[in-house]
2 protein chains.
Amino acid sequence: MKSAEAQHVFRALADPTRRAIFEELVRKGERTVHALTANAGVSQPAVSKHLTVLKRAKLVGNRREGRENHYCARPEALAPAAAWMKDFGAFWNERFDRLEAVLEGMEK
Amino acid sequence: MKSAEAQHVFRALADPTRRAIFEELVRKGERTVHALTANAGVSQPAVSKHLTVLKRAKLVGNRREGRENHYCARPEALAPAAAWMKDFGAFWNERFDRLEAVLEGMEK
DNA sequence: CCAAACCATAACCATACGGTTATGCGTTGT
DNA sequence: ACAACGCATAACCGTATGGTTATGGTTTGG
């Protein structure tokens, strides 16, 4: 099922440091681990571990280039969580019917 | 900031048992702790603790009636998480700009 | 009135989690 | 060649988390 993916996404987003890393990748685009560590407020190994969790949720991708590892955000991976909100967020359904079509496009 | 609320919501949704409880409340409406325990797959105290977490995130409300405690879903509380997705889900913004205006109505 | 029902809290336990420092391995500049 | 860099992994640690059983306080049915 898709809810299995949603689990990884929700779990990944539950940590503020992880969200901050994801946010930086969304705003600034591709980033090396070194660059991310500078703003993360935690050690480099901690950043690496967070990136592993984000990658498991498919929220980030990486591109190895020599000794550098470039990570980028994959916001499409939010889709499972968004789909869950669609199904169980009555508020969402009421006011954002248009979203339905959007999410269907995402499924495939 | 609103992100503080988003933290509680994301944290609450990170656990599958908690999501299941929320789902049941959304689908079946108001429910007692006893009724929720029947389908939760965990003990009654566990359900009570999950409900406490959900309540902290304002995802549920409760109404004491004699010895029974009736809980109900408050899907509006998903809004902070939805807003976060709006801000950092570039995929959505790109292809579904219309969503932005709608979400702004949500903020207030 | 008294036993049973409903629920929350307490006390406890194993494990997961987020963080650290230490290390090691490939890569790169000089 | 080799020192320095970039990153991941290992080893470790304190605390949070999710679960359990035990308990106790109201409330209710008979």
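In what follows, every chain begins at residue 1, and chains take the letters A, B, ... in the order their sequences are listed.
- Close to C:dG19, at under 4.0 Å from its OP1 or OP2, lies a side-chain N or O of A:His50.
- In this structure, the side chains of A:Arg18 and A:Leu13 stay at 4.5 Å or more apart for every pair of heavy atoms.
- Comment: B:Glu76 does not engage B:Lys58 in a salt bridge, judged by the lack of any side-chain N to carboxylate O separation of less than 4.0 angstrom.
- Atom CG in B:Leu54 sits roughly 12 Å away from atom P in C:dA8 (whole-Å rounding).
- Taking atom NE2 of A:His8 as the reference point, atom P of C:dC17 lies 10 Å away to the nearest angstrom.
- Within the 4.0 Å cut-off from OP1 or OP2 of D:dT20, at least one side-chain nitrogen or oxygen of B:Ser43 is found.
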Reading 5' to 3' through nucleotides 3-9 of chain D, protein heavy-atom contacts under 4.0 Å coded B for base, S for sugar-phosphate only, - for none: -BBSBBB
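- At whole-Å resolution of the value, CZ in A:Arg56 and C1' in C:dA16 are 12 Å apart.
- The side-chain heavy atoms of A:Val33 and A:Ser48, taken from C-beta on, include a pair separated by under 4.5 Å.
- Side-chain atoms of B:His70 and B:Cys72, non-hydrogen and from C-beta on, never get closer than 4.5 Å to each other.
- Contact check for B:Val60 versus B:Leu25: side-chain heavy atoms found under the 4.5 Å cut-off.
- One atom, CG of B:Leu36, and another, C1' of C:dA8, lie 15 Å apart when rounded to the nearest Å.
- Dashed line: the shortest gap from a side-chain N or O of A:Thr17 to OP1 or OP2 of C:dG19 is under 4.0 Å.
- Considering B:Thr52, B:Thr17, B:Asn39, B:Val42 as possible partners of B:Val47, the one that fulfils the side-chain contact (heavy atoms from CB on, under 4.5 Å) test is B:Val42.
- Rounded to whole angstrom, the span from the CZ atom of A:Arg18 across to the C1' atom of C:dA16 amounts to 12 Å.
- If you take CZ of B:Arg11 and P of D:dT15, they are 17 Å apart, rounded to a whole angstrom.
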